Amino acid sequence: MIAWRDELNIGVETVDRQHQELVRSLNEFLEACTQQKGKEKVEETLEFLIGYTVRHFRDEEELMKESRYPVYADHKREHDQFVQEIGELRQQIRDKGPSVLTTIKLNRTLVDWLIRHIQKNDQQFGDFLRTQKA
Ligand SMILES: [Fe+2]
């Protein structure tokens, strides 16, 4: 489980709101896996997580393009990699079912990635937007 904490806010309201929703849906997926709620529930929560992630990344990337963010390409690459990883996880669950060990291991990867990405890359973007407005 990830608990939302203030330092995860990047100071851009729409993005922060979406990040909180992203964390919420990731937690829901984690819970479905760790409590062994069954393949259907695991797949359902993962589908939601993937859909939400894709929409959120698209919105964030739009904001970046609008503000002519200079490291947009690098940032987008990170997003694309994450979407690919999460897609591989979906495939793995489809093929083999949500085995406890693989899901816990992969969940850690997702959580670590998300937290690191928000704190480093998204925070950088928040800082950039603030300098633009100043
Ligand atoms: Fe991002």
Side-chain angles (χ1 to χ4, degrees):
M1 285 280 281
I2 316 171
W4 187 260
R5 41 184 199 269
D6 283 346
E7 70 205 61
L8 291 174
N9 285 320
I10 70 161
V12 183
E13 210 193 317
T14 50
V15 176
D16 288 335
R17 222 180 308 122
Q18 290 186 348
H19 281 160
Q20 283 171 34
E21 176 62 17
L22 201 57
V23 165
R24 195 200 60 74
S25 68
L26 181 53
N27 280 337
E28 208 167 59
F29 170 60
L30 291 179
E31 201 180 279
C33 291
T34 51
Q35 296 184 357
Q36 300 184 49
K37 286 200 175 163
K39 196 171 186 231
E40 243 166 65
K41 184 73 189 165
V42 167
E43 279 180 334
E44 185 192 307
T45 54
L46 182 59
E47 276 324 304
F48 183 85
L49 176 63
I50 291 176
Y52 195 82
T53 302
V54 169
R55 280 203 305 280
H56 161 64
F57 284 171
R58 205 183 297 145
D59 288 350
E60 220 182 65
E61 288 161 14
E62 268 317 302
L63 264 180
M64 288 177 187
K65 280 191 274 185
E66 275 168 24
S67 60
R68 298 175 189 279
Y69 185 46
V71 280
Y72 166 77
D74 291 340
H75 199 118
K76 188 181 185 309
R77 201 173 309 124
E78 284 233 357
H79 285 173
D80 292 346
Q81 271 167 12
F82 185 74
V83 171
Q84 198 187 327
E85 244 177 81
I86 212 170
E88 283 165 16
L89 171 60
R90 166 164 58 186
Q91 198 51 51
Q92 203 166 330
I93 289 173
R94 271 183 192 157
D95 294 345
K96 299 178 203 149
S99 109
V100 184
L101 213 68
T102 52
T103 45
I104 288 177
K105 205 181 106 199
L106 284 162
N107 284 336
R108 266 258 67 90
T109 315
L110 299 185
V111 170
D112 289 348
W113 185 90
L114 186 65
I115 297 296
R116 191 188 53 80
H117 179 81
I118 291 177
Q119 283 187 324
K120 184 173 167 266
N121 306 75
D122 293 338
Q123 203 66 253
Q124 240 167 38
F125 178 53
D127 292 346
F128 170 78
L129 281 185
R130 265 188 297 282
T131 61
Q132 294 299 98
K133 277 179 197 150

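Whatever order the structure lists them in is the order used to number ligands and atoms, beginning at 1. None of the values given here were measured: they were computed from a predicted structure.
Lys39 places no side-chain N or O within donor-acceptor distance of the main-chain N or O of Lys96, the cut-off being under 3.5 Å.
Counting heavy atoms from C-beta outward, Thr14 and Leu63 have side chains that approach closer than 4.5 Å.
Looking only at protein N/O/S atoms, the ones less than 2.8 Å from the Fe ion (ligand 1) make 5 in total.
No more than 12 heavy atoms of other residues, nucleotides or ligands lie within 6.0 Å of CZ in Arg68, so this atom counts as exposed by the packing criterion. A 6.0 Å sphere centred on CD of Glu13 holds no more than 12 heavy atoms belonging to other residues, nucleotides or ligands.
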Could you check Gln20 against Asn9 for side chain to side chain contact (heavy atoms under 4.5 Å, CB included), going step by step and ending with a plain yes or no? CA-CA 9 Å; Gln20 283 171 34; Asn9 285 320; 3.7 Å; yes

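Not a single salt bridge (charged side-chain N to carboxylate O under 4.0 Å, His left out) links Glu40 to another residue, sequence neighbours left out.
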